[in-house]
Amino acid sequence: MAKNKDARPPTFAVSVVGLSGTEKEKGNCGVGKSCLCNRYVHPDADSYYTEHTSVLSTIDFGGRVVNNDHFLYWGEVSHRGDDGLDCKIQIIEQTEFIDDQTFLPHRSTNLQPYTKRAAATKLQSAEKLMYICTDQLGLEQDFEQKQMPDGKLNIDGFILCIDVGKGSSRKFDDQMKFVNSLFSQIVKAKKPIVVAATKCDEYEDQQLRDLQAFVASKKNLLLIETSARCNINVELCFNALIQQLDKTRGKPKTVPYQEAFRIQ
Ligand code: GTP
Ligand code: MG
């Protein structure tokens, strides 16, 4: 974690994780990691993309944005809390890129399964470029080019995305099996974790209740009910993690989805 000496704003790196893999694991759509990152880093409507494909050609997988890794660098957000304290947040999404020919995961240098790989707290990728959107891949020069700092990041905390939406063909129990094994890995890193319930704009009652029970069964775990599509509780979710990374900050008030929707 960066130290706040010479009054420079501290910088924190956050890793966004959740069920990833082939269609067999994921069903017909992802759990919403990319959209949550997109909404946090570029909140305005014109910069929000609903589709961020993970099925890539070998050329796009090897380009400077993906850089043969199974993670994306989403860039940096300047954050000012209610208390006026500044900090910078760098965002990583841990996913799994699938080959558009074989429909199997692309081969990368890291051969660990997702649940282990996504728990990494030290990430490195020389000259890796910030990801913006799917159309950027192969046309990097037409988009803003920002590099991941020094090609190195130390992860300070995790956002664990769990899809409670109605729209997926995957079974919620299968997602939770994956999440249980992912959670047991990231917990070993001994860094703060916040759970983001994703797609709450179309949430399934039972799934949200099951997720609430999962979170309540863990010590000091916080659940934030989000919708990237409607931009509800996305900032709150990252703020809740930042508060745990930097205890000098005040605690944000957590607001359930329905209430946040009403006061929007
Ligand atoms: P992979 O990286 O491929 O594993 O997927 P992901 O976890 O990054 O999921 P992604 O953000 O790409 O979203 C998958 C699908 O869910 C897309 O069609 C999104 O538009 C949709 N989606 C994401 N967030 C929301 C949301 O808040 N509400 C609704 N209704 N749909 C969403
Ligand atoms: Mg993604």
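Every number for a ligand or one of its atoms is a count from 1 in the order of the listing. Values reported hereafter were calculated over all heavy atoms of this structure, with side chains retained and with hydrogens, waters and symmetry mates removed.
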### Task
Can you sort out which atoms of ligand 1 are near Ser54, meaning under 4.0 Å from one of its heavy atoms?
1 (P), 2 (O), 3 (O)

### Message
Closer than 4.0 Å to some heavy atom of Ser34 - which atoms of ligand 1 meet that?
### Response
6 (P), 8 (O), 11 (O), 12 (O)

### Query
If you measure from each heavy atom of Ser227 to ligand 1, is any distance below 4.0 Å?
yes

#### Entry: atom 22 (N) of ligand 1: nearest protein contact (heavy atom, Å)
Lys199 CE, 3.7 Å

### Query
Between His79 and Phe238, does the ring centroid distance fall short of 6.0 Å?
no

### Task
Decide, yes or no, whether a salt bridge links Lys191 with Asp156 under the criterion of side-chain N to carboxylate O below 4.0 Å.
no

### Which of the ligand 1 atoms, numbered from 1, are nearer than 4.0 Å to a heavy atom of Thr95
1 (P), 2 (O), 4 (O)

### Task
Note the single closest protein heavy atom to atom 6 (P) of ligand 1, along with its residue, its atom name and the distance in Å.
Lys33 N, 3.4 Å

### Query
Which N, O or S atom name in Glu93 marks its closest approach to the Mg ion (ligand 2)?
OE2

### Task
Give the contacting part of Thr50 toward ligand 1: side chain, backbone, both or neither, where contact means a heavy-atom distance below 4.0 Å.
both

### Task
Measure the distance from atom 26 (C) of ligand 1 to every protein heavy atom, then report the residue, atom name and distance (to 0.1 Å) of the closest one.
Asp201 OD1, 3.4 Å

### Message
When you group the ILVMFWY residues by side-chain heavy-atom contacts below 4.5 Å and let the links chain together, are Val17 and Leu36 in the same group?
### Response
no

#### Entry: NZ/NE/NH1/NH2 to OD/OE distance under 4.0 Å, Arg107 and Asp99
no

### Task
Output the distance between atom CG (Leu221) and atom NZ (Lys218), rounded to the nearest 0.5 Å.
8.5 Å

### Task
Looking only at distances, please establish whether an N/O atom of ligand 1 is found under 3.5 Å from an N/O atom of Ala228.
yes

### Query
With a cut-off of 4.0 Å, which atoms of ligand 1 are near a heavy atom of Glu51?
17 (C), 18 (O), 20 (O)

### Message
Restricting to N/O/S atoms, is Ser20 within less than 2.8 Å of the Mg ion (ligand 2) or not?
### Response
no

### Task
Any chance you could lay out the side-chain contact (heavy atoms from CB on, under 4.5 Å) test for Tyr49 and Thr134, step after step, and finish with the verdict?
CA-CA 9 Å; Tyr49 299 88; Thr134 298; over 6 Å; no

### Region of Glu202 engaging ligand 1 - heavy atom pairs below 4.0 Å
side chain

### Task
Using distance alone, determine whether Cys35 and ligand 1 share an N or O pair under 3.5 Å.
yes

### atom 5 (O) of ligand 1: nearest protein contact (heavy atom, Å)
Gly30 CA, 3.4 Å

### Task
Decide, yes or no, whether a salt bridge links Glu235 with Arg39 under the criterion of side-chain N to carboxylate O below 4.0 Å.
no

### Message
If you measure every N or O of Gly32 against every N or O of ligand 1, does any of those distances drop under 3.5 Å?
### Response
yes

### Summary
Under 4.0 Å between heavy atoms, the region of Glu93 that gets near ligand 1 turns out to be side chain

